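Before any comments, here is the structure.
Model, not experiment: these values are computed from the prediction.
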Amino acid sequence: MFVARQLPLHILVNNAGIFNQRGTTQEGFELIWGINYLGHFLLTYLLLEKLKSSAFSIIIMVASDLALKPKTIPWNLLVKKTPLNFLELYSVSKLCLLLLTTELARQLENTKCNR
């Protein structure tokens with residue numbers, strides 16, 4: 001594991017994702033949201049203390065202009081198998097990344113870890 005190696009972490013790029021696959025994660029979350037958002041959320045928070053303790057660090061979240069499409073977050077769909085219309089859930093996953101980025105920027109405002 002990276003943290004066990006006791007190396008500094010100066011940059012974290014959250015860019016992995018899927019677009020049109022259907023299913024659920026092992027934990028029961030909708031697959032697109034689980035991979036595109038929950039995976040990034042968990043990785044970031046597992047590495048956050050390491051990022052804070054490194055001299056200067058930055059977190060980059062890769063989103064999409066489709067993040068601007070959702071008007072609401074359909075929470076009930078995030079615990080079901082991906083529907084045929086996967087585009088809505090892809091858009092929601094990217095919106096959630098923007099919301100996470102905004103919250104991280106707020107939390108890290110006065111630290112060496114820049115959003």
Side-chain angles (χ1 to χ4, degrees):
M1 183 171 179
F2 178 80
V3 175
R5 297 185 69 194
Q6 299 182 346
L7 298 170
L9 179 59
H10 298 290
I11 186 166
L12 174 62
V13 179
N14 287 312
N15 186 35
I18 61 172
F19 180 71
N20 63 352
Q21 294 179 7
R22 297 182 64 222
T24 58
T25 65
Q26 197 172 25
E27 297 80 11
F29 294 103
E30 187 279 321
L31 190 62
I32 294 172
W33 190 71
I35 291 174
N36 293 3
Y37 171 71
L38 289 178
H40 296 337
F41 174 89
L42 181 59
L43 179 63
T44 301
Y45 275 91
L46 289 174
L47 295 173
L48 197 54
E49 290 307 313
K50 178 57 78 176
L51 286 157
K52 286 181 188 178
S53 68
S54 298
F56 174 80
S57 59
I58 188 166
I59 301 168
I60 299 171
M61 300 283 194
V62 178
S64 164
D65 60 348
L66 288 174
L68 304 175
K69 186 176 185 262
K71 302 288 186 238
T72 62
I73 297 175
W75 298 106
N76 62 317
L77 295 181
L78 303 180
V79 291
K80 297 179 180 177
K81 183 179 178 183
T82 311
L84 289 175
N85 182 6
F86 61 85
L87 194 57
E88 177 185 12
L89 289 161
Y90 178 82
S91 300
V92 166
S93 74
K94 296 305 181 176
L95 170 62
C96 288
L97 279 179
L98 292 182
L99 296 172
L100 175 59
T101 302
T102 302
E103 177 57 19
L104 283 170
R106 188 191 66 75
Q107 288 180 19
L108 301 172
E109 188 173 2
N110 295 315
T111 70
K112 294 181 227 172
C113 185
N114 195 358
R115 53 191 178 283

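The hydrophobic cluster containing Val79 also contains Leu95, counting ILVMFWY residues as joined when their side-chain heavy atoms lie under 4.5 angstrom apart, directly or transitively. Leu99 and Leu38 end up in the same hydrophobic cluster when Ile, Leu, Val, Met, Phe, Trp and Tyr side chains are linked at under 4.5 Å. Taking hydrophobic clusters as Ile, Leu, Val, Met, Phe, Trp and Tyr residues chained together by side-chain heavy-atom distances below 4.5 Å, Phe86 does not share a cluster with Ile73. Leu66 and Ile18 fall within the same hydrophobic cluster, defined by Ile, Leu, Val, Met, Phe, Trp and Tyr side-chain heavy atoms under 4.5 Å apart, directly or through other members. Residues Phe41 and Val3 share a hydrophobic cluster, clusters being chains of Ile/Leu/Val/Met/Phe/Trp/Tyr side chains in contact below 4.5 Å.
Under the rule for a side-chain hydrogen bond (donor to acceptor under 3.5 Å, both in side chains), Ser53 has no partner lying at least two apart in sequence or in another chain.
Put simply, the side chain of Phe2 does not reach to within 4.5 Å of the side chain of Leu46, judged on heavy atoms. Put simply, the side chain of Leu108 reaches to within 4.5 Å of the side chain of Leu48, judged on heavy atoms. For the pair Leu12 and Leu43, the minimum side-chain heavy-atom distance is below 4.5 Å. Contact annotation: the side chain of Asn14 never approaches that of Leu100 to less than 4.5 Å [non-hydrogen atoms, C-beta and beyond].
Taking OG of Ser54 as the reference point, atom CD of Glu49 lies at 11.0 Å (rounded to 0.5 Å). With values rounded to the nearest 0.5 angstrom, Ile59 atom CD1 is found 12.5 Å from His40 atom NE2. Rounding to the nearest 0.5 angstrom, the gap separating the CG atom in Leu78 from the OG1 atom in Thr24 is 12.5 Å. A distance of 13.5 Å separates CG of Leu89 from CZ of Phe29, quoted to the nearest 0.5 Å. Between the CG atom of Asn85 and the CZ atom of Arg22 there is a distance of 10.5 Å, given to the nearest 0.5 Å.
The local environment of CD in Glu27 is crowded, with over 12 non-hydrogen atoms from other residues, nucleotides or ligands closer than 6.0 Å.
In terms of heavy atoms, Leu97 sits closest to Tyr37 at N-CD1, 3.8 Å. In this structure, Thr82 and Leu31 approach most closely via the heavy-atom pair OG1-N, 3.7 Å. The two atoms that bring Leu51 and Ser57 nearest to each other are O-OG, 2.7 Å, heavy atoms only. Shown here for Lys50 and Leu9, the closest heavy-atom pair between the two residues is CG-CB, 3.7 Å. Between Glu30 and Lys81, the shortest heavy-atom contact is CG-C, 4.4 Å. Nearest heavy atoms, Lys94 versus Ser64: CG-CB, 3.9 Å.
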